[in-house]
Amino acid sequence: MSSDDDANPHIMATIESLMRITLAGFGGALAGISISRRGGLATASQQAQALAKKVATPNNNVIKQSRTQRRQAIRSAPPVLRPSIDRELPTAWAVACMAFAGVVEFTRLVS
């Protein structure tokens with residue numbers, strides 16, 4: 001290390017903050033991709049209905065088979081008939097996470 005690195009602790013703190021903001025954006029993009037692939041967030045009522053169906057079904061293999069059949073049908077369907085995946089959701093999540101991390105890091109650097 002040179003003496004310039006030791007003389008500028010503010011530069012190192014800024015670089016660390018930029019790394020944290022970038023990682024927050026990457027994590028937000030991954031979360032957005034995950035949510036868009038699942039088809040969005042389920043509401044509490046949808047989760048309750050799914051739980052009721054699961055409890056009412058005596059054999060869970062039926063549920064697993066139907067999910068597998070649906071996946072195969074979606075993969076084999078032409079692109080026009082596939083369920084829509086929100087392509088802007090990963091970007092929106094990345095920007096939101098970066099903005100949040102940016103505010104947190106800015107206040108950390110200023111104080």
Side-chain angles (χ1 to χ4, degrees):
M1 297 212 128
S2 66
S3 63
D4 292 338
D5 292 337
D6 296 332
N8 295 321
H10 298 292
I11 293 175
M12 293 305 290
T14 304
I15 290 173
E16 288 176 4
S17 293
L18 289 175
M19 273 186 15
R20 288 185 187 115
I21 293 169
T22 303
L23 285 175
F26 181 70
L30 287 179
I33 288 170
S34 174
I35 292 170
S36 69
R37 298 282 290 168
R38 281 190 303 155
L41 293 172
T43 62
S45 63
Q46 290 172 341
Q47 290 174 350
Q49 289 173 355
L51 182 63
K53 286 180 186 177
K54 192 178 219 183
V55 171
T57 306
N59 190 358
N60 285 338
N61 289 334
V62 175
I63 295 172
K64 291 178 183 175
Q65 288 174 354
S66 65
R67 287 180 186 165
T68 308
Q69 290 170 352
R70 268 188 273 141
R71 282 190 203 124
Q72 289 172 351
I74 289 171
R75 288 181 185 150
S76 62
V80 175
L81 299 177
R82 289 184 186 157
S84 63
I85 295 174
D86 188 3
R87 301 201 186 280
E88 296 176 0
L89 195 60
T91 306
W93 271 78
V95 169
C97 289
M98 286 178 75
F100 177 76
V103 169
V104 170
E105 289 298 320
F106 177 75
T107 56
R108 188 182 69 83
L109 287 175
V110 170
S111 64

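If you read the sequence from its start, that first residue is 1, and numbering goes on from there.
When all heavy atoms of Ile35 and Leu89 are compared, the pair lying nearest together is CG2-CD2, 3.5 Å. Minimum interatomic distance between Trp93 and Ala31 (heavy atoms only, all atoms of both residues): CE3-CB, 3.9 Å.
Under the side chain to side chain contact (heavy atoms under 4.5 Å, CB included) criterion, Ala101 pairs with Ile21, Ala24, sequence neighbours left out. Residues passing the side chain to side chain contact (heavy atoms under 4.5 Å, CB included) test with Leu30 are Phe26, sequence neighbours excluded.
Evaluation of the salt bridge (charged side-chain N to carboxylate O under 4.0 Å, His left out) test over residues 91-111, restricted to residues two or more places apart or in two chains, returns Arg20-Glu105, Glu105-Arg108.
Taking Ile, Leu, Val, Met, Phe, Trp and Tyr as hydrophobic and joining them when side-chain heavy atoms fall under 4.5 Å apart, one finds Ile11 in a cluster with Ile15. Other cluster members for Val103: none, since no ILVMFWY side-chain heavy atom sits under 4.5 Å from it. Annotation for Val104: hydrophobic cluster partners, listed by chain and number, are Phe100 (ILVMFWY side-chain heavy atoms under 4.5 Å, direct or chained).
In this structure, the separation between CE on Met19 and OG1 on Thr22 is 8.5 Å, given to the nearest 0.5 Å.
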